[in-house]
Amino acid sequence: MSIRTLAGLAPGEAGVISGFTQMDGFTQRLMQLGLLEGTEVKVLRRAPTGDPLEVEVMGYALSLRREEAELVLLETQG
Amino acid sequence: MNAPAQQPVLVTLGNPNTGKSTLFNALTGLKQKVGNFPGVTVEHLLGWTEIQGQQVTVVDLPGTYSLSAQSPDEIVAVDVLLGHRAEVGQPSMALVVLDATNLRRNLFLASQVLELGLPTVIALTMSDMLTESGVSLDVPALEALLECPVVPVAVTKGQGVDQLKRALAGALDDLRPHPLVLNRPLRQASATLAATLSAGLEGRALHPVEVERALTDKGGYAEQRLLGRCGLAAADALASTRQAVGQGRDLATLEARERYLWINRIVAQVEKRSPRQRTWRDGVDVLLNHPLYGALFFLLAMAVVFQSVFAWATPMMDAIDGATAGLGEAIRDRVGEGLWASFLIDGVIAGVGSVVIFLPQILILFAFIIVLEDSGYMSRAAFLVDRLMRWCGLSGQSFIPMLSSFACAVPGIMGARVIGNPRDRLATILAAPFMTCSARLPVYTLLISAFVPQKTWLGGLLNLQGLVLLAFYLLGLFGAVFTAFLIKRVLYRGPVTRFLLEMPPYRWPNLRSVLIKLLARAGIFLRRAGTLIFLVALLVWGLASFPQRQDASPTAQLEQSYLGQMSHQVAPVFAPLGWDWKVTAAVIASFPAREVVIAVLGTLYAVEADDENAEASLVGRLRASTHADGSPVFTLPMALGLMVFYALCLQCISTLAVIRRETASWRWPILAWSYMTGLGYLGALLCFRAGTALMA
C-alpha cells in the first residue's frame with residue numbers, strides 16, 4: 001500500500017480515496033459527488049494533451065484537471 | 001405574467017444531464033418563459049401545466065448537484081424552495097428529477113430536498129435505459145424508503161408523463177410535510193441559532209435551513225450572506241455551534257458521509273446491478289475516445305459549426321436584408337420622400353432589421369449547442385480542448401463560443417452560458433468581442449483594397465493585402481487572449497475557481513425539446529437585447545436626421561445634423577489619430593453596427609446611392625479627401641490606424657446589449673466598452689504616429 005494522489009494514476013489504474021490535501025468548497029463538492037474516503041476511483045483516460053483526466057466513480061464518469069486531481073489522496077495496491 | 005398567488009407552484013430540480021429540461025418541456029410544452037432573478041446570472045424557466053384540471057406554475061431551476069452554494073447563482077435553489085423569492089412565492093411541492101441509471105449520486109440532492117419538508121415527488125428519468133445499463137430497480141421499495149411517490153419516466157419515448165401528473169395531483173391534494181432528518185443535533189442547533197440571530201434582524205427572519213447551510217458550507221455563500229445580514233458578531237455564534245455539533249470534525253465531511261450512508265442503505269435494498277449490455281454507445285465511445293479518430297471527429301464537428309454559423313446563415317441574412325430593403329421601397333412608394341418616410345424606412349424598419357439580422361446566426365449556433373449538450377458531446381469537446389484553451393486563459397467550454405465569435409460575438413456571448421465556471425464565463429464574454437467578426441470584414445476589405453498596395457511575392461503565393469488581413473485576424477485573437485489573461489490575473493482574483501465536468505453517456509437528443517429550447521433562446525434575444533438594439537438604432541437615426549433642413553442634399557443634411565455637430569465637436573479628440581470630422585461622424589454613426597460605417601462614409605462623401613460602382617467611387621473620394629491644410633486625410637498609416645481601431649473597439653450596440661443581458665448588470669458592458677475603445681484609440685494613435693514617422 002502506498003499513498004499517491006489521483007493525478008499520479010496512469011489510465012486504467014484505480015485507487016481508494018483516503019482523504020484530501022485541503023478542505024474547501026471544491027473538495028466539499030467532490031465529496032458530494034461521491035468522492036468520499038473509502039470510495040474507489042479509476043482513471044479512464046487522459047486528454048490527448050495529457051490534461052485533464054477522466055475518472056470513473058460510483059459508475060459514472062467525471063473530468064477534472066491535474067491540479068484538481070492532486071487534491072485527492074489515494075491508497076493503491078503496490 | 002406573474003402567477004396569481006393562489007395558483008400552486010411546483011419546483012423542479014435535479015442534477016445536470018438527468019433529462020430534467022426534456023421532462024420540463026414535456027410537462028409545459030410551449031407554455032413557458034425564461035425568468036431572471038435580480039443579481040443572478042443563471043436563468044430559470046417558468047412554465048404552466050394542467051394537473052387534474054388545475055393550473056400549476058412550474059419553476060425549473062438550473063441543474064445542480066447539491067444545495068450548497070458558493071455564489072449568489074447557487075443560492076437561488078435554496079431561496080426558491082424556502083419561498084424566499086417573491087417572484088415565485090411559496091412552493092406547494094418539489095419535483096426531484098433523478099437519473100435512474102445513476103441513482104447513488106442523484107440521491108444526494110434528493111436527500112437534501114426531502115429534508116425541507118415540502119411535499120415531494122420523484123421522477124426517475126432514463127428508466128428506459130435501465131436494462132441496457134444492467135440495473136434493475138425495485139420502485140415500490142424505493143417509494144416506501146423515501147416516503148414519497150416515485151415515477152419512472154422515459155420522456156423521449158413518451159412514457160410515464162401521465163403517471164407523473166397523477167402522482168403530482170396526489171401530492172397536491174395531500175400537503176402533509178414529510179421531513180427527513182439525517183442529523184438531528186445539527187437541525188436543532190440550526191433552529192436555535194436561527195431564532196437567536198433573527199431576534200435583532202430587520203426584514204424576514206432566518207430560516208433554519210439557511211443557517212444549516214451557513215454552518216455546513218464553511219466559507220460558502222450562505223455564510224457570507226448571513227454574516228452580511230447579522231454582522232460579524234454572528235461569526236462567533238457560527239463557530240461555537242460548529243464546534244458543538246461537529247465536535248471538531250468538519251461539518252461538510254460529516255454531511256457527505258451521513259447522506260451517502262443513508263443512500264447506500266437505500267440503494268442496497270432497491271438496486272441490483274448486473275454487467276451492462278454492449279450497445280451502440282460503446283462503439284461511439286471507442287470512436288470518440290480514439291486519439292486520432294476522436295480528434296478528427298472533433299475537428300469535423302467544429303468545422304461544421306463554424307461553417308454553418310459563418311456561411312449557412314448568410315443566405316438567410318441576405319434574405320432579411322432584402323426584405324428590409326423591399327419593405328422600405330414599398331413604403332417609399334406609398335408615403336413618398338420626406339421625414340415621415342425616412343423615420344419609417346431608415347429608423348423603424350432599419351432598426352427592426354438590425355435586430356432580426358442576428359437571428360439566423362443565433363438559431364443555427366444554438367441548434368448545434370443544444371444538440372451537442374443534449375447528446376453529451378459538449379463535455380467531450382471541452383475535455384479535448386481544455387488544455388489548449390487554458391493556455392489562452394480560458395477553459396475547454398469556451399471553445400465553441402470563441403469559435404462562433406469569428407462569425408459574430410452576439411451568438412458567441414450567448415453561447416458562453418454553457419460555461420459552468422463563473423470566472424471562465426466572464427473571461428469568455430469579455431474576450432469574445434475581440435474576435436474578428438463578419439461585420440469587421442467589409443471595413444477591412446474596403447480600407448485594405450483602397451490603401452494597401454497590391455504587392456505579391458513568390459509568384460503570387462504571398463499577397464500583401466492578404467497578409468494585412470491575416471494580421472488583423474491575429475490582432476483580434478491576441479486581444480482576446482490578452483483580455484482573458486487580464487481578467488484572470490487582475491479583475492477576478494478571488495479564490496481559485498475549479499474545473500469539474502461530468503462526462504455523461506451519449507444520448508439521442510429529443511427533437512421537440514431541442515426546438516422548444518431554441519425558440520426560448522430566440523425569444524430572449526428579441527425581447528431582452530432586441531429592444532435596446534432597436535432603440536439605439538432609432539436614436540442614431542434621430543441624431544442624423546435632426547434638425548431638418550429643407551432641400552438639403554443628404555451630405556449637407558448629415559453635416560448640419562446633431563450627429564454632424566457632435567462630430568465637429570469631438571473631432572479634436574480624434575485629430576491625433578489623423579481623423580477629420582467626417583471619419584469621426586462615420587465612427588459615431590456606426591455605433592449600432594460596425595458595417596454601417598461604409599454606408600455613412602458613402603453619404604458623407606456624397607456617393608450617389610444608385611451609383612453602380614458605389615464602392616469604387618467611395619474609394620476614389622476617400623483618397624481625394626483632404627484636411628484643411630490640403631494634406632490627404634486617408635494616408636496608409638491613418639487607414640491602418642482606423643482598421644486597428646475597428647479591430648479593438650467595441651463599436652457594436654448589439655454586443656453591448658447581449659453582454660448586459662448575459663451578465664445581468666450594466667457594469668460589464670460599460671467596462672468592456674471603455675476598455676476596448678481605450679485600446680482602439682491607443683492602437684490607432686500608435687499606428688498613425690509610428691507609421692507617419694516611418695514614412696516621413
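Convention: sequence-line order gives letters A, B, ...; per-chain numbering from 1.
In this structure, Arg105(B) satisfies the cation-pi test against Tyr60(A), with its NZ or CZ atom closer than 6.0 Å to the six-membered ring centre and inside 45 degrees of the ring normal.
Contact count versus chain B (heavy atoms, under 4.5 Å) is highest, among Met23(A), Glu54(A), Arg66(A), for Glu54(A). Ranking Ser63(A), Ala61(A), Ala47(A) against chain B, the residue ahead of the rest is Ser63(A), based on heavy-atom pairs under 4.5 Å.
When each of Gln32(A), Met58(A), Met31(A) is checked for a side-chain contact (heavy atoms from CB on, under 4.5 Å) with Tyr260(B), only Met58(A) meets the rule.
Heavy atoms only, all atoms of each residue included: Phe383(B) and Leu53(A) are closest at CE1-C, 3.7 Å. Closest of all the heavy-atom pairs between Leu62(A) and Glu502(B) is CD1-CA, 3.8 Å.
For the pair Asp51(A) and Arg390(B), the salt-bridge criterion is met [side-chain N within less than 4.0 Å of a carboxylate O].
Atom-to-atom distance recorded for Met503(B):CE and Leu64(A):CG is 11.0 Å, nearest 0.5 angstrom. Taking CZ of Arg29(A) as the reference point, atom OG of Ser66(B) lies at 4.5 Å (rounded to 0.5 Å).
For Leu36(A), the part lying under 4.5 angstrom from a heavy atom of chain B is the side chain only. With a 4.5 Å cut-off on non-hydrogen atoms, Asn102(B) touches chain A through its side chain but not through its backbone. In this structure, chain A has heavy atoms under 4.5 Å from both the backbone and the side chain of Thr253(B). For Leu35(A), no part lies under 4.5 angstrom from a heavy atom of chain B. Of the atoms belonging to Ser395(B), heavy atoms from both backbone and side chain fall under 4.5 Å from chain A. For chain A, no part of Thr101(B) is nearby; none of its heavy atoms comes within less than 4.5 Å. No part of Leu44(A) comes within reach of chain B, as not one of its non-hydrogen atoms sits under 4.5 angstrom from that chain.
Residue-environment remark: CZ (Arg45(A)) exceeds the threshold of 12 foreign heavy atoms within 6.0 Å.
The shortest distance between side-chain heavy atoms of Leu500(B) and Leu30(A) falls below 4.5 Å.
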side-chain contact (heavy atoms from CB on, under 4.5 Å) between Leu33(A) and Phe108(B), worked out
CA-CA 8 Å; Leu33(A) 288 170; Phe108(B) 190 93; over 6 Å; no
Criterion side-chain contact (heavy atoms from CB on, under 4.5 Å) on Gln28(A) and Lys218(B), from CA distance to verdict
CA-CA 10 Å; Gln28(A) 180 187 12; Lys218(B) 203 171 166 184; over 6 Å; no
